[in-house]
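Chain naming here is simple, since letters A, B, ... match the order of the sequence lines and numbering starts at 1 in each.
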Protein chains: 2
Amino acid sequence: MRARIDDVAKVAGVSPKTVSRVLNNERNVREDTRQRILEAVRSLDYRPHPSARSLAANRSFLVALLYDNPSPSYMMEVQDGVLEACDAQRYSMMLQPLDATSPRFVEQVEKLISERRLDGLILTPPISDHVDLLARLREWGTPFACVAPRDHSCAGVVLDERRAACEMVVHLASLGHRRIGHITGHPDHGASGWRLDGYRDGLERCSLRYDHRLVVQGHFSFDSGVVAARTMLALASPPTAIFAANDDMAAGVIWAANEAGLLVPRDLSVCGFDDTPMSRQIWPSLTTIHQPCRDMGRIAANQLLRAIREGEGAMVYAKFALCLRGSTGRAPDRPLRGASAGRHG
Amino acid sequence: MRARIDDVAKVAGVSPKTVSRVLNNERNVREDTRQRILEAVRSLDYRPHPSARSLAANRSFLVALLYDNPSPSYMMEVQDGVLEACDAQRYSMMLQPLDATSPRFVEQVEKLISERRLDGLILTPPISDHVDLLARLREWGTPFACVAPRDHSCAGVVLDERRAACEMVVHLASLGHRRIGHITGHPDHGASGWRLDGYRDGLERCSLRYDHRLVVQGHFSFDSGVVAARTMLALASPPTAIFAANDDMAAGVIWAANEAGLLVPRDLSVCGFDDTPMSRQIWPSLTTIHQPCRDMGRIAANQLLRAIREGEGAMVYAKFALCLRGSTGRAPDRPLRGASAGRHG
DNA sequence: GCGCAATTTGACAGCGCTGTCATTTCTGGC
DNA sequence: GCCAGAAATGACAGCGCTGTCAAATTGCGC
């Protein structure tokens, strides 16, 4: 049978309360007492009972990671980071997939919090921008941290995506591209706006004119990338480079280029955003922007735990990195027209 | 303040114990009493306290999903299925990434079980084949369920991967291919053996000779697929079709084919296994075999919960499906030699 | 209407820990 | 060596539920 706190107390010659103090890193325990207790814990291989602890302390030591994100690689990395941070602080993480567009969304989250007695929440895009939910959480006093929210006035973590997108466009321009297209992301995601803004910043920095025909709405999905690329490639003067707001859509662009008989990057340069594993597995490998998702998960969790303990967490800025790979190259000497030139030609 | 069980009991005019009986679906409660209690629960919006419940019942109502699998899409789907099943039965799931090759692996799992007071485990490949761990779990009497284990004598779920692989090879042969290569998976995964066996079954069914030069060891990674494909394509008489044991390696094959200037599927047919999202995002889209990962997660969890309740669960067989897409086509009239013919020719 | 077994319900203790607050021990200044 | 205040420790109750077992109620054959 497992040892209990009273057993440890007996072995160490103290009261159970003092053992509890040591285990919870409370102050006001003499160093020799602490050592004696830790030694007893070790010798008995004592493991505190989580349910007893949370019942008595009136806290669950449990946080939930809320998501409604179709990208498994993104979520898996964020998740690993969150787990890492929670483990380190003896917290548990639970996972909750949700439909953020459901009319009962806020209600579902409320139910989750009260059923599981959650100590806090980590919100990922697009949930991190759900204004109703954020307002309610503040009202209820539920601690939370956001990954990549539009509004930076809460605890969490963000990337300077606008600057990243700008740098990508500048890079394309440095390769000689003058007609650079952009496929925007899902309108519910803050990232879509930042990336579009960054695209415009980049054009401006390179003195390129903004052309609305070169900006097509996508939804972060592969299929929407295919459709948007077809639209752009059918223009009278199509772009020589397309910057998609994420990798899935960029893969769609490459797909559409292949379909049209274009060779990437000879006839068309393509780049994405996110650095998903897939971006290295397609031909040609995709030029993209790396987000440190795992770090971001860890940071968000740490800020949440700080908010739980100290009442408030901070908004931390994470670093991006351009990944220059095979899908971008020098602009063709003369712009090509649609599907007129391709590998089969 | 949240309602407690005593409040419900008072409103319904019964003892707390009877409320507990209703909430836990115990027998021997009169129907009208049950209804009265459910009504009281509803009117007070009562939510039982998980920690109190698990402390008193001496069970955590918590299972862990153990994984050491580099494929985020696979794990994410399994995970979603497990969550679905656990939610439905008022169980919680926790996630535990592990390094199955660590010498302290079994010890870590033991620690996890006793620290979290886990009621059971779900093991995914390659952990589901860790014989030491399985032996210890049986010794400790810890309920567990396996996803795709080599040994089918436990609770869990499997696919007839051998037959799936066989059908894929038969399909390739029906397209006229006579030299069909195979890239095997990671040797620690049971799936690698089944898929290889199925490959040999398929050859035999089509009266094709097994040629050891056409079978190259891979490790389920994209890079290992590239390397293996280069090896095979450099043969004096290279294959006209390559069946990789998973999609990541198949993507590697397509990459290597592009690198060698070969056109898929004109010069080389390629197929994979798993039907990852990536398989539809590369050009050409990948012929592969669909595994119902989400269903498999759900089934595994349900069998585990049955094992927890009733002492034993079953091994359930899930169904695969061939996905015929763009990366496979009719065999070339005359086999090509290595990189001698390509799009740039 | 009676007796006996089966069904339904309740009383009570206690799961293993921590919060509160009281008590004891230590520390430093005189 | 004494005292006030700070630091360290302990006694005790109780967090909210369920297991055990006893008590009350019901059903049924005669």
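Rounding to whole angstrom units, CG of residue A:L23 and P of D:dT9 are separated by 14 Å. When rounded to the nearest whole Å, the span between NZ of A:K10 and P of D:dA11 equals 12 Å. Taking atom CG on B:D32 and atom P on D:dT25, their separation rounds to 15 Å, with Å as the unit. If you measure from atom CZ of B:R116 to atom P of C:dG16, you get 19 Å, rounded to the nearest angstrom. Protein atom CZ of B:R21 is 16 Å distant from nucleotide atom P of D:dC17, rounded to whole Å. The separation between B:N58 atom CG and C:dG16 atom P is 7 Å, rounded to whole Å. Rounded to whole Å, the distance from CG on A:L55 to C1' on C:dG14 is 12 Å. As a whole-Å value, the separation of B:R34 CZ from C:dT8 P is 10 Å.
Considering only side-chain N and O atoms, A:S20 lies nowhere under 4.0 angstrom from the phosphate OP1 or OP2 of C:dC17. Taking 4.0 angstrom as the limit, B:T18 places a side-chain polar atom (N or O) nearer than this to OP1 or OP2 of C:dG10. A:N24 has a side-chain polar atom (N or O) that falls below the 4.0 Å cut-off from OP1 or OP2 of C:dT18. At D:dA8, none of the side-chain N or O atoms of A:R30 fall inside 4.0 Å of OP1 or OP2 (strictly under the cut-off).
At a threshold of 4.0 angstrom between heavy atoms, the contacts of A:T33 are confined to the sugar-phosphate backbone, with no base atom among them. As judged by a 4.0 angstrom heavy-atom cut-off over every strand, A:D6 is placed among residues making no nucleic acid contact. No engagement by B:S51 is indicated, since no non-hydrogen atom pair under 4.0 Å with the nucleic acid exists. Across all strands shown, A:R27 has no heavy atoms under 4.0 Å from either base or sugar-phosphate atoms.
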If you apply the rule side-chain hydrogen bond (donor to acceptor under 3.5 Å, both in side chains), what do you find for B:D99 with B:Q108, and how did you get there? CA-CA 10 Å; B:D99 173 7; B:Q108 283 169 349; over 6 Å; no

List the steps, then state whether side-chain contact (heavy atoms from CB on, under 4.5 Å) holds for A:E161 with A:F320. CA-CA 8 Å; A:E161 305 197 13; A:F320 64 84; over 6 Å; no

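For the pair A:D32 and A:R34, the salt-bridge criterion is not met [side-chain N within less than 4.0 Å of a carboxylate O].
For B:N28 and A:R53, each mapped to the nucleotide of DNA chain C holding its nearest heavy atom, the one lying further toward the 5' end belongs to B:N28. Checking B:P16 against A:A57, the closest nucleotide of DNA chain D that is more toward the 5' end is the one next to A:A57. Where A:P48 and B:G13 each meet DNA chain C at their nearest nucleotide, the meeting point lying more 5' is that of B:G13.
Here the nucleotide nearest the side chain of A:R4, chosen from D:dG19, C:dC15, C:dC17, is C:dC17. With D:dC15, D:dC17, C:dT9 as the candidates, the nucleotide lying closest to the side chain of B:V29 is C:dT9. Which of D:dT20, C:dT18, D:dG16 sits closest to the side chain of B:A52 comes down to D:dG16. Nearest nucleotide to the side chain of B:A56, out of D:dA11, C:dC15, D:dG19: C:dC15.
Judged by distance alone, with hydrogens and angles left aside, A:R47 brings no side-chain donor or acceptor close enough to the base of C:dG16 to form a pair under 3.5 Å.
A cation-pi geometry, defined here as NZ or CZ lying under 6.0 Å from the six-membered ring centre and within 45° of its normal, holds between B:R53 and B:F61.
Across A:L123, A:L133, A:V158, A:L134, a single residue satisfies side chain to side chain contact (heavy atoms under 4.5 Å, CB included) together with A:S128, and that is A:L123.
Taking each heavy atom of A:P149 and A:V157 in turn, the nearest pair found is CD-O, 3.8 Å.
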